Protein chains: 2
Amino acid sequence: MQAAPGEPLVASSRGPGRARGARRLTLGDMAEALQVSTATVSLALRDSPLVAPATRERIKAHALAAGYVYNRSAAALRTARSNMIGVAVHDILNPYFAEVFRALEDELGRENQVVLICNHRDDVARQQRFIDTLMQHRVDGLVICASVGTRVEDINGLADSGIPVTLICRDVAGARVPVVRSDDVAGARMVVSHLIAQGHRQIAMIGGRRQSSSGHDRNLGWKLALEEAGIDVAAQLDIPELMTTADGRDAVAQLLSATPRPTAVFAFNDLIAHGLLSALRRAGVEPGRDIAVAGYDDTDGAASRTPALTSVWNKPDEIGKTAAALMLRQIAGAPVTEMPAPILPELRVRESTPPPKPGGEGQARGA
Amino acid sequence: MQAAPGEPLVASSRGPGRARGARRLTLGDMAEALQVSTATVSLALRDSPLVAPATRERIKAHALAAGYVYNRSAAALRTARSNMIGVAVHDILNPYFAEVFRALEDELGRENQVVLICNHRDDVARQQRFIDTLMQHRVDGLVICASVGTRVEDINGLADSGIPVTLICRDVAGARVPVVRSDDVAGARMVVSHLIAQGHRQIAMIGGRRQSSSGHDRNLGWKLALEEAGIDVAAQLDIPELMTTADGRDAVAQLLSATPRPTAVFAFNDLIAHGLLSALRRAGVEPGRDIAVAGYDDTDGAASRTPALTSVWNKPDEIGKTAAALMLRQIAGAPVTEMPAPILPELRVRESTPPPKPGGEGQARGA
DNA sequence: GGCAACACTTCAATCGATTGAATCAGAGGC
DNA sequence: GCCTCTGATTCAATCGATTGAAGTGTTGCC
């Protein structure tokens with residue numbers, strides 16, 4: 001599970017410890033200076049009611065003046081609490097996750113938790129390495145947007161070992177931990193239904209890792225909306241796996257050469273949608289006029305593009321806040337049994353999804 | 001410097017420690033099980049040559065089988081090394097920093113360092129809070145893109161207390177720590193000279209916190225290029241402080257109503273440039289035809305926009321790598337005395353900066 | 001005066017790994 | 001047989017904060 005037999009199981013820190021700098025001030029030093037016990041100093045700094053107010057202020061004043069820096073390693077050793085929480089996502093570069101992260105950090109920071117973040121880049125090994133390291137640091141909890149390919153036993157194993165775990169954004173089937181996510185089926189359905197209502201009948205879906213719950217569910221929502229409207233799903237263009245702006249750009253050739261050519265495109269996320277918008281325009285097909293394009297996540301740039309992008313707002317801040325609250329509850333010792341309900345996203349209709357061009361291609365083409 | 005007299009100086013962790021889960025396996029437990037001393041176990045796991053190879057493998061096999069998890073808090077207490085490095089930047093949402101961060105993480109991860117990141121959002125207090133927390137966790141080093149308003153004494157104070165510090169991207173005048181940054185004066189000069197060479201004479205600069213070295217220097221580069229060409233700097237539009245896409249969007253009104261109207265715009269960063277492109281097009285002024293727009297950072301989206309954005313490539317990966325190397329060297333005990341030379345950026349010319357429109361406005365207008 | 005209650009303060013064990021010094025077993029030399 | 005040397009292992013102190021238990025001194029009450 002961890003290192004190969006040849007390698008160290010624990011990473012020895014090379015080089016000399018405490019490279020420079022004098023020995024740091026400890027509780028004991030201050031106790032000596034103030035002629036009290038270390039216990040009193042410890043309690044005073046933490047505002048315990050056990051020490052007299054006058055003593056407490058004297059000690060705190062001294063600590064401040066002397067530049068005392070609390071040693072959390074020492075405290076962590078004794079209390080078995082590190083005040084650190086690990087967050088693993090596949091890509092903080094995605095503004096959507098940056099939003100989630102910000103909310104998490106705000107909420108947890110309030111409780112003096114430090115947030116450690118890792119980009120696992122959808123690489124299970126990277127994710128596992130990061131989790132191993134965090135466990136060594138005895139983090140108080142893990143927030144994970146599981147990499148594609150994550151085994152449910154690994155997640156459950158973590159939970160069983162006693163560490164609070166919360167999954168975000170992506171579900172892992174069979175996991176016995178809370179999952180905070182939005183309802184991707186519903187979100188996709190909203191936006192595809194909107195396209196159908198606009199009159200589109202050739203609606204491609206582009207992108208999404210179908211092995212991840214979000215990729216799977218948005219694809220499902222797309223299918224359900226089509227079926228509901230009596231549209232043949234099998235006749236639609238469906239390109240999986242893409243995730244980035246560059247991917248979206250690259251997909252345009254395939255999109256434009258499809259027969260019949262889609263009159264509308266549902267992109268797995270806004271990044272892909274942005275790539276589509278750029279490359280479509282470059283190809284002479286004006287999005288928002290010649291073709292409808294919808295995104296997902298409603299990230300910062302969506303409203304400001306030309307054309308303004310129709311997208312599904314996922315409520316990343318709500319996801320971050322909810323996940324933070326769940327973590328804190330678990331850390332406080334309350335096991336979370338009921339699963340939080342998926343958050344219902346909101347459709348935001350803008351210029352990029354007009355009705356199909358009247359005399360346009362799409363309905364009948366290639367003839 | 002830290003808490004107000006009323007508040008705890010150290011944040012007590014509320015709630016019970018070790019909420020659930022059985023006691024974890026320790027070195028001692030394994031020593032007992034294997035009938036050796038804890039010292040042997042400790043040494044074996046770290047591949048010390050002091051233990052016989054056979055013993056070592058026996059111990060490692062047992063540790064693996066029993067699911068032992070190394071406790072770094074305990075080790076940190078003894079060795080005064082935490083294997084954590086803190087990184088403070090103003091905004092990881094900016095893809096530029098995400099790139100820097102990725103390089104840092106890759107390099108430091110190789111040395112078993114965990115990277116803690118914080119968005120200080122250009123708020124000195126937030127930055128200070130984060131640094132205080134990291135010091136409590138006894139991080140091995142700090143990588144800082146200093147918030148606007150950071151006092152040089154605080155940076156030097158950190159360094160003097162013995163902790164390795166490296167500044168990135170922004171300089172803090174008078175700091176006695178290495179600074180890894182690109183040459184912003186040169187970069188700005190390149191791009192503005194390019195605009196001048198295209199024939200532009202009204203070149204606005206938009207954005208950048210002029211209190212930060214990057215904002216100041218890019219502004220300086222802009223001025224120098226203009227002066228060099230004998231263009232009156234004072235007659236140019238210069239809008240400071242903006243930083244985001246939304247800011248760029250909002251600046252367009254001011255840009256278009258300026259007299260004489262600029263024929264070219266130099267944006268402090270790509271985010272602003274993106275905002276400009278969108279809003280200009282919406283206002284009916286086609287960037288790349290009616291007006292030239294150049295960005296800075298050459299982040300992911302720059303090449304794929306329509307029009308493709310001329311930008312200055314800042315080499316974020318090189319910055320990250322260099323900073324990581326400097327940190328590791330300092331942590332290893334080698335004080336870094338010589339300051340690394342600023343990295344020379346590269347101009348990347350694309351479609352967004354054509355020559356001024358022949359019969360266009362700009363030269364004489366408002367008449 | 002005696003005793004309990006109370007408010008502080010201190011004692012001392014503890015968390016788990018590290019490491020310089022000490023020990024031990026066996027090989028080799030004289 | 002005794003001594004030294006070497007390689008492997010162990011001893012035991014240590015890092016710095018926390019905390020249950022024990023110890024002070026004071027006050028209040030009967």
Side-chain angles (χ1 to χ4, degrees), chain A residues 8-18 22-32 34-59 63 66 68-83 135-138, chain B residues 8-18 22-32 34-59 63 66 68-83 135-138:
Chain A
L9 266 186
V10 303
S12 63
S13 45
R14 280 178 268 281
R18 179 134 43 219
R23 206 176 70 74
R24 278 217 249 240
L25 206 61
T26 69
L27 284 189
D29 297 335
M30 295 198 292
E32 199 175 358
L34 293 170
Q35 291 293 304
V36 293
S37 72
T38 60
T40 303
V41 177
S42 172
L43 294 168
L45 292 185
R46 284 175 297 140
D47 278 353
S48 159
L50 290 177
V51 314
T55 316
R56 181 198 315 153
E57 292 313 322
R58 192 163 64 96
I59 292 174
Y68 168 71
V69 178
Y70 182 62
N71 187 332
R72 274 178 200 269
S73 294
L77 180 56
R78 184 61 224 260
T79 61
R81 288 279 311 267
S82 66
N83 285 54
M135 293 299 287
Q136 296 183 352
H137 281 287
R138 295 288 190 275
Chain B
L9 266 185
V10 304
S12 63
S13 46
R14 278 178 269 281
R18 179 133 44 221
R23 208 175 68 77
R24 279 216 249 239
L25 207 61
T26 71
L27 284 189
D29 298 334
M30 295 199 290
E32 199 175 358
L34 294 170
Q35 289 295 303
V36 293
S37 73
T38 61
T40 304
V41 178
S42 171
L43 294 168
L45 292 184
R46 282 175 299 141
D47 278 352
S48 160
L50 291 177
V51 315
T55 317
R56 181 198 316 151
E57 291 313 323
R58 192 163 63 96
I59 292 173
Y68 169 71
V69 178
Y70 183 61
N71 187 333
R72 275 179 200 268
S73 293
L77 179 57
R78 183 63 225 259
T79 61
R81 288 279 312 268
S82 65
N83 288 295
M135 293 299 287
Q136 296 185 351
H137 281 287
R138 294 292 190 272

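Below, read A as the first sequence line, B as the second, and so on, with proteins coming before strands; counting in each chain starts at 1. Just so you know, these numbers use all the heavy atoms, side chains as well, and skip hydrogens, waters and symmetry mates. Since the model is a prediction, treat every value here as computed from it, not as a measurement.
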Subject >> N or O in side chain of B:T79 less than 4.0 angstrom from C:dT18 OP1/OP2 >> reply: no
**OP:** Send over the distance from A:L77 CG to D:dT18 P, rounded to a whole Å.
**Re:** 11 Å
Original post:
Does B:R46 place a side-chain N or O at less than 4.0 Å from the phosphate oxygens OP1/OP2 of C:dT19?
Top reply: yes
Subject >> Flag side-chain contact, heavy atom, 4.5 Å: B:R24 against A:M135 >> reply: yes
Subject >> Closest listed nucleotide, where the reference is the side chain of A:R78 and the choices are D:dA8, C:dT19, C:dC15 >> reply: C:dC15
**OP:** Let me know the distance between CG of A:L34 and P of C:dT9, rounded to the nearest Å.
**Re:** 12 Å
Original post:
For D:dT10, does either OP1 or OP2 sit under 4.0 Å from a side-chain N or O belonging to B:T40?
Top reply: yes
**OP:** Report which part of the nucleic acid B:V41 touches: base, sugar-phosphate, or nothing (heavy-atom distance under 4.0 Å, all strands).
**Re:** nothing
**OP:** Measure across A:R56 and A:A44 and return the closest heavy-atom pair with its distance rounded to 0.1 Å.
**Re:** CG-O, 3.5 Å
Subject >> d(CD, A:Q35; C1', C:dT10) in whole Å >> reply: 13 Å
Original post:
At under 4.0 Å, does any side-chain N or O of A:T38 touch on OP1 or OP2 of D:dA17?
Top reply: no
Original post:
Starting at the 5' end of DNA chain D, which residue's closest nucleotide do you reach first, A:N71 or B:P53?
Top reply: B:P53
**OP:** Calculate the interatomic distance between A:R72 atom CZ and C:dG16 atom P; express it in whole Å.
**Re:** 20 Å
Original post:
Can you tell me how far P of C:dA17 sits from CG of B:L45, to the nearest Å?
Top reply: 9 Å
**OP:** Look at the side-chain N and O atoms of B:Y68 and state whether any lies under 4.0 Å from the OP1 or OP2 oxygen of C:dG16.
**Re:** no
Original post:
Which of the following nucleotides, C:dA12, C:dT18, C:dT9, is nearest to the side chain of A:V51?
Top reply: C:dT9
**OP:** Specify the separation, in whole Å, of atom CG of B:L27 and atom P of D:dT9.
**Re:** 16 Å
Subject >> Residue B:Y70, side-chain atoms from C-beta onward, closest of C:dT18, D:dT18, C:dC8 >> reply: C:dT18
**OP:** Ignoring backbone atoms, test whether A:T26 places a side-chain nitrogen or oxygen under 4.0 Å from the OP1 or OP2 oxygen of D:dG16.
**Re:** no
Original post:
Could you state the CZ-C1' distance from A:R56 to C:dC8, rounded to the nearest angstrom?
Top reply: 12 Å
Original post:
Does B:V69 reach the side chain of A:R138, with side-chain heavy atoms less than 4.5 Å apart?
Top reply: yes
**OP:** With the side chain counted from C-beta on, respond yes when A:N71 and A:T26 share a heavy-atom pair under 4.5 Å apart, and no when they do not.
**Re:** no
Original post:
So, does A:R78 use its side chain to make a donor-acceptor pair with the main chain of A:A74 at under 3.5 Å?
Top reply: no
Original post:
When B:L45 is tested against each of B:T40, B:V51, B:L27 for side chain to side chain contact (heavy atoms under 4.5 Å, CB included), which residue passes?
Top reply: B:L27
Original post:
Side-chain N or O of A:T55 less than 4.0 angstrom from OP1 or OP2 on C:dT9?
Top reply: yes
**OP:** State which of C:dT19, C:dT10, D:dA17 makes the closest approach to the side chain of A:L43.
**Re:** C:dT10
**OP:** Look at the side chain of A:A39 and decide which nucleotide, out of D:dT19, D:dA8, D:dT10, has an atom nearest to it.
**Re:** D:dT19
**OP:** Round to a whole Å and report the spacing from NE2 of B:H137 to P of D:dC15.
**Re:** 22 Å
